[in-house]
J.: 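The structure's right below; bear with me while I get my questions together.
Letters go in sequence order (proteins before strands), and every chain restarts at 1.
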Amino acid sequence: MTEIKSYKGYEPVIGVEVHVELKTITKAFCSCSAKYGDIPNANVCPICLGMPGTMPSLNQEAIKLAAAAGLALGCELSPVSRFDRKHYYYSDLPKGYQITQYYSPLCRDGLLRYEVGGSEKIARITRIHLEEDAGRLINRNGETFADYNRCGAPLIEIVTAPDMRSSEEAMAFVEELRRTLLFAGISDCKMNEGSLRCDVNISVRPLGEETLGARCEIKNINSINYLGRAIDYELVRQTEEILSGKEISTETRRFSEDDGTTERMRDKETPLDYRYTIEPNLPPIIIDKNYINDILKSMPTLHRERISRYTEKLGLRREDAKLICCSPESAEYFDLAVSQAPMESIKTVASLYIGEVLPLLREKKSVASPKRLSEISSLYVKGRITAAAAKKLLVITSERDVPASELAEELGLTIISDRDEISQYVLEAVEANPKAVADISRGKTQAMKAIVGAVMKITSGRAEPSIVNEEVKKHFDKKIDLGKEK
Amino acid sequence: MSIDAVNNHNSIDYVSEVVNGGQISAREICETALNNAEKDICGSFITVTRREAISAADRVDKAISNGIRLPLAGITLAVKDNICTAGIRTTCASAALEYFVPSYDATAYERLIAAGCVPIGKTNMDEFAMGSEGSLSHFGITRNPLNPDLIAGGSSSGSAAAVSAKIASVSLGSDTGGSSRQPAGLCALVSMKPTYGRISRQGLVEFAPSMDQICPITHTVKENAMIISVMEGADFKDLSMRRDLDMINPTPESKIPERMGVFIPTGCSAAVVNAVRKASMLFSESGSECEPAELPEQSYAVCVYNALSSVEALSCLARYDGMKYKSADLSSVKDISSAREIRGQCFGKEVKERLALGAAALSVNDAALYRTAVDLRKKIAVETDALFEKYKVIIMPTTKRTSYRFGQYYNEDDADLNLVYANLTGCPAISVPFAGASVQLMAARGEDNALYSAAKFLEDNNS
């Protein structure tokens with residue numbers, strides 16, 4: 001059952017272009033640091049500033065990550081791909097051209113499966129190519145400042161076919177793409193820091209129509225939420241334009257975060273406008289089977305595989321498995337905890353992790369180590385601590401990393417299940433509650449609950465409730481029996 | 001030892017020998033060269049680097065006094081002003097780079113300095129290496145020291161003139177479509193454009209990077225080989241270099257090729273035709289099999305060169321916006337049109353015309369011109385390779401005529417025909433003076449040593 005979101009009988013046809021900054025230590029074509037957030041122009045050199053006579057070197061790690069992205073997205077890797085130059089004049093681009101791959105991209109023909117409302121969708125990946133980032137212009141008080149720290153940092157551009165039919169689908173696609181790249185270790189994919197940027201191509205057509213309408217490209221979208229808003233706005237705008245008899249012009253538009261609208265920037269560039277030429281200074285990238293095998297061997301386990309492992313092998317609920325796979329750090333933490341836990345305590349590990357650890361992990365607060373989580377879960381499963389004590393131990397071990405059982409003993413958090421000990425506490429409780437005792441002897445067995453409560457109070461909740469119940473019952477049964485004998 | 005004895009002796013191995021032997025100081029040689037450079041009437045230099053020359057000469061003298069031998073001790077070097085020199089402005093003879101002082105040396109230059117060369121100045125050239133008369137410089141024209149009424153050639157005009165006038169012992173030019181071989185030919189000097197990828201281009205300001213090479217200009221074949229043997233070799237900064245080439249033999253032996261093709265295009269002057277005929281006769285008398293040969297696709301080779309070099313130039317010159325290396329008044333930049341105007345002031349007419357040609361090749365009819373030129377270049381390379389299956393060396397004129405007056409043959413489109421093949425195909429080619437003109441020898445990629453040997457043979461038998 002597919003859900004088509006339409007407006008006045010028109011549906012949107014959507015493709016996206018996603019730019020992703022690769023997680024390399026240095027830039028693509030020089031040895032400057034690619035670190036985010038340093039003071040402006042701290043990480044520049046004659047090469048990335050495009051000074052006359054300088055020549056690009058080639059960051060092999062960038063090629064490896066771009067190829068890994070292709071493999072994670074089911075692409076074919078070109079055995080030979082080359083670099084080209086894309087020309088445009090703008091102060092963020094000191095060479096006057098960007099080194100990119102136009103004629104022969106590194107990866108082609110992939111696809112990504114994603115879920116919308118429980119049903120699976122597929123979007124085709126047309127191409128992935130490697131290129132360099134531009135600098136950043138900052139406008140302040142009518143003056144423009146240039147920061148070239150990002151200039152020359154390695155990017156991949158992922159281009160999809162126009163395979164999405166609603167804002168919901170586009171959002172789910174980008175989220176799935178983000179998670180795939182995150183788990184494959186390709187990028188940190190932070191939309192707010194610009195390490196994942198999304199342009200969207202959208203056209204509309206009457207439902208049932210096969211041919212594509214004229215499309216607009218929306219730029220400047222830096223959250224998944226904005227992506228959805230921009231698409232919905234365009235669906236309405238383009239449909240209304242058509243219904244009022246106007247033609248949609250092929251143009252580049254900018255999304256405004258303030259009011260959720262889009263506005264025209266310029267006519268859409270054609271390849272001709274960029275005057276693509278071959279980059280003569282870089283040799284072709286050659287990729288063979290061994291290279292691919294090496295990447296596959298070192299590829300981290302993707303979230304998709306982890307989710308099916310958690311549900312099929314560990315018996316977790318799918319929703320829980322997905323929560324655990326919200327980030328590679330989360331999944332890795334969980335895997336470490338699980339690897340140290342016996343099979344019977346895995347579900348406890350999962351529920352304690354999701355309930356107690358993950359929220360803190362997300363806020364980057366300190367958490368108990370995976371080892372402690374598995375220890376605490378085992379104590380709970382063996383009946384040595386209560387659920388409340390387990391939560392308390394998780395908090396304490398996040399600060400004091402000591403074995404959970406020692407800590408539980410030290411803090412007196414272990415459950416008391418020794419019958420002799422508990423019967424002592426029952427005697428104490430009986431002595432301290434004459435009224436309840438009197439009620440019981442009058443046949444009000446309900447009052448035994450008060451004695452049980454008193455025992456729990458004496459033991460700060462540590463006494464195993466079932467044993468307490470049994471011991472209290474045993475105590476009064478004995479009394480009654482003795483009474484009968486007399 | 002007197003300075004005159006050194007200056008009148010052309011051979012750099014002799015000069016290096018006496019400097020290494022302490023018979024004369026690098027400082028003394030360099031002072032004389034600097035004085036001559038400053039007195040030069042041919043416009044050979046854009047910048048005379050007195051300070052850098054003296055400190056380099058003193059370093060050489062100090063090294064020698066410490067017992068170190070340098071292969072090119074005290075050899076005075078003039079460097080084309082499109083080759084980057086740290087701390088010395090590098091203008092490409094253009095207003096666009098009038099105030100550009102690089103913080104880095106070109107690798108090839110750096111190696112020569114490390115070998116003991118003393119840099120006396122940056123030489124004049126046609127702007128951005130586009131031109132063949134030495135008349136298109138922001139800093140004035142270059143004249144031919146052999147006859148100041150005539151052109152020194154171009155674009156490496158000052159590099160040829162400075163060596164021809166014996167101001168510098170050797171010089172570096174660059175060759176994208178004959179820019180070193182042609183002025184060397186017109187100034188009776190030797191210049192080899194080696195196999196593409198033999199010498200690092202790092203630090204050579206780009207004109208058309210798929211064809212650019214740094215080339216030495218020298219008086220003799222042996223000097224030329226010595227300079228290349230110092231400059232060549234792997235440089236991790238230039239990824240377009242070839243790693244599979246034999247090293248250059250710095251002392252080439254005189255040796256004739258077994259089979260040679262002789263190519264004489266139409267329109268050559270009698271002196272030029274005579275020189276090539278004489279040279280090929282000399283080869284065949286000595287045992288080479290010589291026969292007439294035709295270079296492939298002569299009707300469009302120059303067009304292909306013009307299209308591709310202009311397209312690459314458009315790309316490489318895109319970075320010169322007039323705001324970075326020029327003294328433009330930036331406060332006047334208010335919008336895109338004023339920025340455009342400032343950029344317009346960067347370049348001379350020839351450069352602008354080539355940029356316009358490059359833009360047209362990339363725009364008109366879906367960039368058909370560019371794409372066709374890329375394909376035809378491959379075709380020319382394949383057919384040239386086939387020619388070298390048959391001939392070890394092809395002998396032809398360097399230029400169609402000997403040096404001439406400025407602007408005398410301005411509108412001749414096919415002037416570069418002989419020269420562009422080596423750049424389009426990456427093959428080595430050397431120009432060597434012979435019988436009152438210059439002849440060019442070209443061989444298959446990697447056959448640089450065979451060319452030096454054949455050139456040495458011609459040089460030894462030049463009367």
J.: Tyr276(A) versus chain B, heavy atoms under 4.5 Å apart: side chain, backbone, both or neither?
T.: backbone
J.: Quick one: are Lys324(B) and Pro94(A) in side-chain contact, heavy atoms under 4.5 Å?
T.: yes
J.: Taking atom CZ as the centre, does Arg215(A) end up with more than 12 heavy-atom neighbours from other residues, nucleotides or ligands that are less than 6.0 angstrom away?
T.: no
J.: Could you pull out the closest heavy-atom pair between Pro209(B) and Arg85(A), with the gap in Å?
T.: CG-NH2, 4.1 Å
J.: Would you say that more than 12 heavy atoms from the other residues, nucleotides or ligands in this model lie under 6.0 Å from the CZ of Arg266(A), or not?
T.: yes
J.: Using a cut-off of under 4.5 Å on heavy-atom pairs, state which of Phe236(B), Tyr104(B), Tyr320(B) scores highest against chain A.
T.: Tyr104(B)
J.: Non-hydrogen atoms of chain B under 4.5 Å away: do they reach the side chain of Leu93(A), the backbone, both or neither?
T.: neither
J.: Looking at every non-hydrogen atom in both residues, tell me the closest pair between Leu239(B) and Pro283(A) and how far apart they are.
T.: CB-CD, 3.6 Å
J.: Would you say that Thr277(A) contacts Glu312(B) through its side chain, given a criterion of any heavy-atom pair below 4.5 Å between the two side chains?
T.: no
J.: Counting only heavy atoms from other residues, nucleotides and ligands, does the tally under 6.0 Å from CZ of Arg371(B) exceed 12?
T.: yes
J.: Taking atom CD of Glu247(A) as the centre, does the number of heavy atoms from other residues, nucleotides or ligands within less than 6.0 Å exceed 12?
T.: no
J.: Pick one of side chain, backbone, both or neither for Tyr90(A), based on which atoms fall under 4.5 Å of a heavy atom in chain B.
T.: neither
J.: So which residue, Ala106(B), Ala208(B), Gly203(B), ends up with the most heavy-atom pairs under 4.5 Å with chain A?
T.: Gly203(B)
J.: Checking heavy atoms, do the side chain of Leu97(B), its backbone, both or neither come under 4.5 Å from chain A?
T.: side chain
J.: Report which part of Arg343(B) has an atom under 4.5 Å of a heavy atom belonging to chain A: side chain, backbone, both, or neither.
T.: side chain
J.: Does any heavy atom of chain A fall under 4.5 Å from the side chain of Cys316(B), the backbone, both, or neither of them?
T.: both
J.: Counting only heavy atoms not in Ile25(A), do more than 12 sit closer than 6.0 Å to its CD1 atom?
T.: no
J.: If the condition is side chain to side chain contact (heavy atoms under 4.5 Å, CB included), which residues does Ser57(A) pass it with, not counting sequence neighbours?
T.: none
J.: Could you tell me which non-hydrogen atom of Pro280(A) sits nearest to which non-hydrogen atom of Arg201(B), and how far apart they are?
T.: O-NH2, 4.2 Å
J.: When only pairs under 4.5 Å are counted, which of Asp321(B), Leu317(B), Asp366(B), Ile83(B) shares the most heavy-atom pairs with chain A?
T.: Asp366(B)
J.: Using the rule given for side-chain hydrogen bond (donor to acceptor under 3.5 Å, both in side chains), can you reason through Arg340(B) versus Tyr89(A), listing the C-alpha separation, both sets of side-chain angles and the distance that settles it, and then say yes or no?
T.: CA-CA 10 Å; Arg340(B) 212 173 266 153; Tyr89(A) 285 100; over 6 Å; no
J.: How about Lys378(B): does its NZ atom have over 12 heavy atoms from other parts shown lying under 6.0 Å from it?
T.: no
J.: Where does Ala359(B) contact chain A at under 4.5 Å (heavy atoms): side chain, backbone, both or neither?
T.: both
J.: What part of Asn82(B) is in contact with chain A, defined as an atom under 4.5 angstrom from a non-hydrogen atom: side chain, backbone, both or neither?
T.: neither
J.: Which of residues 61-70 of chain A get closer than 4.5 angstrom to chain B, counting heavy atoms alone?
T.: none
J.: Using only non-hydrogen atoms and a strict under-4.5 angstrom cutoff, which residues of residues 41-55 of chain A touch chain B?
T.: Pro46(A), Gly50(A), Met51(A), Pro52(A), Gly53(A), Thr54(A), Met55(A)
J.: Under 6.0 Å from the CZ atom of Arg197(A), do we count more than 12 heavy atoms belonging to anything else shown?
T.: yes
J.: Quick check: do Tyr370(B) and Ile278(A) have side-chain heavy atoms less than 4.5 Å from each other?
T.: yes
J.: For chain B, which residues from residues 147-157 of chain A lie under 4.5 Å away (heavy-atom distances)?
T.: none
J.: Under 4.5 Å from any heavy atom of chain A, what part of Ser363(B) do you find: side chain, backbone, both or neither?
T.: both
